[in-house]
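Quick notes on the structure that follows.
In what follows, chains are A, B, ... by sequence order, proteins preceding strands, each numbered from 1.
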Number of protein chains: 2
Amino acid sequence: MIQSIDRALRVLTVLAGDHRLSLGEIAQRLDLPPSTVHGIVRTLLPHRMVVQEHDSGHYRLGPAVLTLGNVYLDTLELRSRVAPWAEDLARRTGLAVRTAVMLVEDVVVVHHEPRPDGSRQMPEVGIVIPAHASALGKALLAFDDEAAETVLGGPLRSMSGDTVTDVRALRGQLKTIRQTGLAEEVEEAVLGECELAAVLCDRLGSPVGAIGLVAPAEEWPLDAAVVTALRTAARSVSRELGATSWPPHGDAPKASDMGTRRKRPRPA
Amino acid sequence: MIQSIDRALRVLTVLAGDHRLSLGEIAQRLDLPPSTVHGIVRTLLPHRMVVQEHDSGHYRLGPAVLTLGNVYLDTLELRSRVAPWAEDLARRTGLAVRTAVMLVEDVVVVHHEPRPDGSRQMPEVGIVIPAHASALGKALLAFDDEAAETVLGGPLRSMSGDTVTDVRALRGQLKTIRQTGLAEEVEEAVLGECELAAVLCDRLGSPVGAIGLVAPAEEWPLDAAVVTALRTAARSVSRELGATSWPPHGDAPKASDMGTRRKRPRPA
DNA sequence: GAATATCATTCGATATTGTCGAATGGTTCT
DNA sequence: AGAACCATTCGACAATATCGAATGATATTC
């Protein structure tokens, strides 16, 4: 691992947490001398990954990060495959539909179909939610042992009063999810908001994302028809991605298995 | 400038251009030995700035770039200030409204208010357009000498048959824009699409962005009332950002002036 | 089906390169 | 007016990234 690049990425991460930081503040958070950090931001600056406020000298993220994010979305097969199904689901259920992928200990929303009531809703693409506090995250963790260990090993932040932060309780939930194929979350991330989610798989049977229905607490639990619609959508998207079975059996290759590459799923 | 970080950012840029590249292809495009590039991507990988396809070994951008882009948007004062005005403009004119900022030789759309006809439109936030081929870009270049020189100095890519690629012609356009405060573009970036744009300024009088109306070629030129509405919106947003006059007089401090910092506009 | 070409990856020697402490000039607060 | 803070510059040192060659494994070709 290249030290300076790792540090540069850490600078970006810090800036993503607390927007608008002085050079000294960044240095403090990274436990590095200010002059070292200065060299780093000086390199990020011409690429516009960060910009400097011309009055205070503080640093913030720059427009270049936005273009990268846009390209990521445009080229994500999961997203284009999910889009029509999400639209269909939203119309059928009257609920908002979110699709997310794993990002270390969190999930990132890569697609958001607003609930079809004509109201103006904030687009949620790009938001980050702790995996253990969201149905989307739990649906993924249940079929991704590696990520599950990462999350359960680290500290479990509490998002709301109802966030499940007990490791044993979470392991139990994941086991249930593996059986039913569905993960749920009741006001664990955001008060008044519940979610039902299902994992999405690719041609290797690996979990690559999750799709979920977001409902206000008053409408919880969801109708059986709605649950079925979600399962159908998850299965259909997975099939379009090349998965041969759904829910997955849990023997999918782990993300770190890079030695054993193969284009097609292992023949039985 | 730190070499390895610069190279890492170049890797990301290359990946933003051609999604899905093998290690060797990246190395070739950057004119670097594969082993050097490997060290770089190896560092980007755990941060999920890039991910590796587990079947082909090819690299692509990762979900981490999306979260950065989202934070950038959320913290952009320009964006939050523009949003209500853009909505108002769209309702009043029946046209789509775009807001963009400068990114080296291009502009990046940071806000997009779809035309209010109820149709489903692709969100354009994050897309990149060559500055010289868009009204948004020309509105910015007219008041940003530094950026103008960068763009006019480099090669002027042609986007459509009507793209103006002649430096002298462009300089003439910029002069006109400085007088009228409005920039236009007729099918220069996308065939069948025209745009009228105005610059947005901050408290220092520096151009920080541009707002524009997008119209199909059939509806061009725009009504006088529509033109006035755009001017009013641009002036209003600029005032909310702290600008004391609009259009700007062109004596704004350049982005590179970092020695002379001041919180408020220079008193007269 | 054996042989070749391609590719990602590892390793280690080299000197290039990033690192860090101290100093500078500017600005803001007391 | 003085002190404190801050971004920035500089230069010496050695830690560190770089690159060529080697490896293993996989597709491709004959």
Among [options], find the nucleotide with the atom closest to the side chain of [X].
X       : options               : value
A/Arg42 : C/dG18, D/dT9, D/dA17 : D/dT9
B/His38 : C/dT9, D/dT18, D/dT8  : C/dT9
B/Arg7  : D/dC6, D/dC19, C/dG21 : D/dC19
A/Leu32 : C/dC20, D/dA7, C/dT19 : C/dC20
A/Leu23 : C/dA8, D/dT8, D/dC19  : D/dT8
A/Ser22 : C/dT9, D/dA7, C/dG18  : D/dA7

What is the separation between atom [atom1] on [X] and atom [atom2] on [N], rounded to the nearest whole Å?
X       : N      : atom1 : atom2 : value
A/Gln28 : D/dC5  : CD    : P     : 12 Å
A/Glu53 : D/dA7  : CD    : C1'   : 14 Å
A/Tyr59 : D/dC6  : OH    : C1'   : 10 Å
B/Ile5  : D/dT18 : CD1   : P     : 10 Å
B/Asp55 : C/dC7  : CG    : C1'   : 14 Å
B/Ile40 : C/dT17 : CD1   : C1'   : 14 Å
A/Gln52 : D/dC6  : CD    : C1'   : 11 Å
B/Leu44 : D/dA17 : CG    : C1'   : 15 Å

Under 4.0 Å between a Lys/Arg side-chain N and an Asp/Glu carboxylate O for [X] and [Y]?
X        : Y        : result
A/Arg157 : A/Asp106 : yes
A/Arg203 : B/Glu53  : no
B/Arg29  : B/Asp18  : yes
B/Arg171 : B/Glu149 : yes

Give one of base, sugar-phosphate or nothing for B/Ser4, where a contact means two heavy atoms less than 4.0 Å apart.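 It contacts sugar-phosphate atoms only.
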Counting only side-chain N and O atoms of A/Gln3, is one of them less than 4.0 Å from OP1 or OP2 of C/dT19?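 The answer is yes; a side-chain N or O of A/Gln3 sits under 4.0 Å from OP1 or OP2.
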Nearest-nucleotide wise, let me know which of A/Ser35 and A/Met1 is further upstream toward the 5' end of DNA chain D.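 Of the two residues, A/Ser35 wins.
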5′-ward residue of the pair A/Leu21/A/Ile2 relative to DNA chain D: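 Here A/Leu21 is the residue nearer the 5' end.
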Just how far is it from atom CG of B/Asp74 to atom NE2 of A/His19, taken to the nearest 0.5 Å?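 So the CG of B/Asp74 and the NE2 of A/His19 are separated by 7.5 Å.
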